[in-house]
Amino acid sequence: MIENLVIVESPAKAKTIERFLGGAYTVKSSFGHIRDLAKKNLGIDVDGGFVPQYIVPADKKKIVKELKSLAKDSQMVWLATDEDREGEAIAWHLFEELGLDKDKTRRIVFHEITKDAILNALDNSRHIDTSLVNAQQARRVLDRLVGFELSPLLWKKVKPSLSAGRVQSVAVKLIVEREREIQSFTPKKYFRVTGKFLVEGSNGGPATMKADLSKRFDKREEAETFLSQCMNSEFTVTGIEKKPLKKNPPPPFTTSTLQQEASRKLGFSVNQTMSVAQRLYESGKITYMRTDSVNLSKLAIGTAAGKIKESFGEKYLLTRNFTTKSKGAQEAHEAIRPTYLENSTVEGSRAEQRLYELIWKRTIASQMSEAQLEKTTINIAISGAAERFVATGEVLKFDGFLKVYMESTDDDQEEEAKGLLPAVNEKDRLQRELIEASEKTSLQPPRYTEASLVKKMEELGIGRPSTYAPTISTVQQREYVVKEDRIGIEREMTLLTLRGDSISEKQVKEKYGFEKNKLGPTDIGSIVNDFLEQNFQNIMDFNFTASVEKQFDEIAEGGLDWPKMIEGFYTPFHTRVDTATQTSERSKGEKVLGEDPQSGRPISVKIGRFGPIAQIGEASDEEKPRFASLLKGQSLETITLEDALDLFRLPRTIGQFEDEELVIGVGKYGPYVRHKSKFYSLSNSDDAYSIEQERAIEIITEKRTQEENRNIKQFEEEPGLLILNGRYGPYISFNKKNYRIPKSKKPEDLSLEECREIIEKAPSRTKK
DNA sequence: CAGTGAGCGAGCTTCCGCTTGACTT
């Protein structure tokens with residue numbers, strides 16, 4: 001007989017709690033939800049008042065069986081699932097599925113895993129909150145209806161295996177809309193003027209002071225006129241202003257902010273962040289990593305305070321509580337923080353150590369005093385001109401929390417390092433060293449990163465901490481969205497410099513549009529988005545989730561009947577699905593670009609069976625249409641008639657080499673040159689349309705020498721063992737497996753014995 | 001490795017939100 005059975009959601013949590021409670025309590029976990037809607041026929045009896053059909057999924061049968069038998073032997077069962085909508089529902093499903101006795105079941109909740117919080121929870125048990133459970137059922141049923149009615153519609157109208165849903169479809173929409181903003185963006189050119197003035201430095205020697213002109217010029221002529229005006233001007237300090245500035249530390253991490261900072265500071269993908277955090281959590285080093293709360297337990301704040309005093313002194317200590325600002329936060333857990341704040345570092349993999357350190361610093365910083373800065377602004381008047389120069393500088397008076405942590409931003413524009421300004425006095429005449437007018441362009445909106453998309457979704461109240469990473473993966477798996485690098489372009493900008501009595505001109509190269517690991521829509525992504533926008537505007541509205549959430553809240557408060565709410569949504573929704581099924585055409589993103597000058601037949605693009613294609617002529621024509629696949633980086637939306645025509649210029653013969661033809665084409669793996677029926681990939685900088693014989697031969701010979709150099713060493717006794725030169729340097733190849741060569745050894749000097757030893761000692765790859 | 005681009009009409013795909021492994025490379 002068990003005295004007390006406590007059921008929580010997470011096994012790591014169960015372990016900790018059992019330690020706190022001791023022998024009279026057995027703590028087990030449900031591993032999340034134990035029941036879900038059946039997958040057949042929606043899993044909802046739509047006509048019978050939206051009655052959900054719940055089943056225990058195959059992978060949950062074992063745990064349900066185990067819990068059931070434990071519960072039977074227990075005097076009291078404590079349902080200690082999270083205190084939010086989902087947690088309440090899990091408790092209810094447990095109650096139902098385990099066949100619990102109402103008199104021997106208690107519902108308890110706590111927001112932090114501390115001994116006090118848990119003991120306190122045991123003293124304040126309650127019953128299952130049916131209204132809250134109903135709100136969850138409404139949420140679940142609505143998501144199923146949307147997902148399982150829209151997805152099959154897409155299979156019919158666009159392509160099999162596609163999907164749509166309340167969350168993912170809006171995530172894709174964000175990406176599609178941003179891309180369109182970028183495509184329709186016209187950069188504005190302007191000239192920014194900066195001046196450098198000679199002043200006396202702090203050590204008495206000469207120094208320069210940089211100042212920006214208060215005005216930008218749209219045209220080069222205006223900038224030039226201004227520079228020539230300055231030739232004879234005097235520059236006088238007309239005002240010095242000093243302002244104190246305070247900076248507060250950011251709140252401790254939530255899932256979303258952790259993903260953002262790990263992306264910016266450590267270059268982690270959201271998936272990577274979550275799996276590293278999971279390992280830290282499982283080994284007891286951090287608190288739960290899926291949370292929307294910025295709250296810290298009293299105990300944690302106390303430990304942080306002690307650590308701060310000890311390491312930095314009382315001056316650096318300022319404890320505070322943060323409150324959440326994000327929409328729909330349910331705050332069932334604490335913020336993400338180290339379990340033991342006294343440990344500033346931990347053991348583990350490099351990734352674990354780095355992420356832990358980030359979490360530790362952020363948590364500690366959140367309880368430190370504000371940073372104090374002094375901002376200085378110096379105004380400089382120009383005789384004979386209405387504009388003025390402004391120099392700004394920031395001096396750190398007291399570092400406060402900045403001693404341990406500085407938050408990063410997504411801003412691509414580099415903040416110029418502003419330091420201390422030299423000491424100048426009002427009415428000082430400044431000597432001009434030079435004045436520059438440099439051409440700039442306004443920046444296009446940035447594409448989303450995984451983490452900045454999560455941030456946006458959180459702002460809109462779409463998705464939950466446990467779903468951010470999976471959603472980002474889903475939209476990429478469906479091929480609605482791709483994560484890729486954009487090389488950008490290099491362009492020339494004009495730089496005008498006034499020095500002495502002359503103005504010189506220079507062309508400066510500047511990179512534009514370079515982006516790494518950014519998200520962009522695919523053609524399918526855009527087509528699906530437009531199809532959904534056209535037929536289901538309400539669901540695609542960024543406020544859809546917020547408005548249904550409001551209704552879920554009413555259900556949770558007992559003021560609204562949940563099947564009624566669902567009916568109100570479903571009736572018009574289902575009608576729209578029916579209409580779209582009957583009336584809307586198949587969406588292939590077809591678009592006529594113009595006419596083929598040679599044949600006069602129309603040129604169009606669309607999604608074909610194997611992806612986007614260009615087409616000359618129509619299927620109904622007597623003469624069959626000609627087809628060509630679009631190249632990587634081209635899209636239905638942006639391809640021009642010229643680009644499409646170019647596609648039909650391949651394959652083409654560009655000359656001869658060793659008595660055989662050189663043919664340029666584009667295949668599944670990109671552009672290639674074919675020679676003697678062998679294929680050689682072109683490099684990124686080669687252009688399939690303009691590449692010439694000479695360069696093609698170069699590519700071929702390069703590849704040949706590379707292949708010759710591939711073999712470093714071979715052994716007669718063991719012909720299957722090779723020492724090869726690969727992309728990442730020399731390695732050993734044996735039995736289809738590759739082995740790294742220790743840096744201390746020279747690959748060409750290795751003996752067979754040494755090779756065997758390396759193979760023996762190679763770590764098994766399944767190890768974490 | 002380097003192509004295809006109609007529809008014979010099987011049987012499958014799909015949601016969001018809770019949780020972890022069990023699998024590969």
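Quick note: numbers below take in every heavy atom, side chains included, and nothing from hydrogens, waters or symmetry partners. We name chains A, B, ... by the order of the sequence lines, and we start the count at 1 in each one. Source: prediction; values computed, not measured.
No N or O donor and acceptor, one from the side chain of A/R464 and one from the base of B/dC18, sit under 3.5 Å apart.
Each salt bridge (charged side-chain N to carboxylate O under 4.0 Å, His left out) pair with one or both residues in residues 51-60 of chain A, not counting sequence neighbours, would appear here, but there are none. For residues 465-476 of chain A, every residue pair satisfying the side-chain hydrogen bond (donor to acceptor under 3.5 Å, both in side chains) rule, not counting sequence neighbours, is listed here: A/N271-A/S473, A/E450-A/Q476.
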- At under 4.0 Å between heavy atoms, which parts of nucleotides 6-13 of chain B does protein reach? Answer with one letter per nucleotide, 5' to 3': B base, S sugar-phosphate only, - none. BB-----B

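Partners of A/R107 according to the salt bridge (charged side-chain N to carboxylate O under 4.0 Å, His left out) rule, which considers only residues two or more places apart in sequence or in another chain, are A/E88. Residues satisfying the salt bridge (charged side-chain N to carboxylate O under 4.0 Å, His left out) test with A/K606, not counting sequence neighbours, are none. For A/R652, the salt bridge (charged side-chain N to carboxylate O under 4.0 Å, His left out) test picks out no residue, with sequence neighbours left out. Residues passing the ring pair (Phe, Tyr, Trp, His ring centres under 6.0 Å) test with A/H675 are A/F657, sequence neighbours excluded. In this view, A/K159 satisfies the salt bridge (charged side-chain N to carboxylate O under 4.0 Å, His left out) rule with no residue, not counting sequence neighbours. For A/T581, there are no side chain to side chain donor-acceptor pair (under 3.5 Å) partners two or more places apart in sequence or in a different chain. Partners of A/H111 under the ring pair (Phe, Tyr, Trp, His ring centres under 6.0 Å) rule, at least two apart in sequence or in another chain, do not exist in this structure.
Of the candidate nucleotides B/dA2, B/dG17, B/dT20, B/dT20 has the atom nearest to the side chain of A/F31.
Residues of residues 129-137 of chain A that place a heavy atom closer than 4.0 Å to DNA chain B do not occur.
Taking the charged nitrogens against the carboxylate oxygens, A/K550 and A/D553 have no contact shorter than 4.0 Å, which rules out a salt bridge.
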- Query: Please, what dot-bracket string fits DNA chain B when only Watson-Crick and G-U pairs with both distances under 3.5 Å count, crossing ones use [ ] and pairs to another strand use |?
  - Reply: .........................

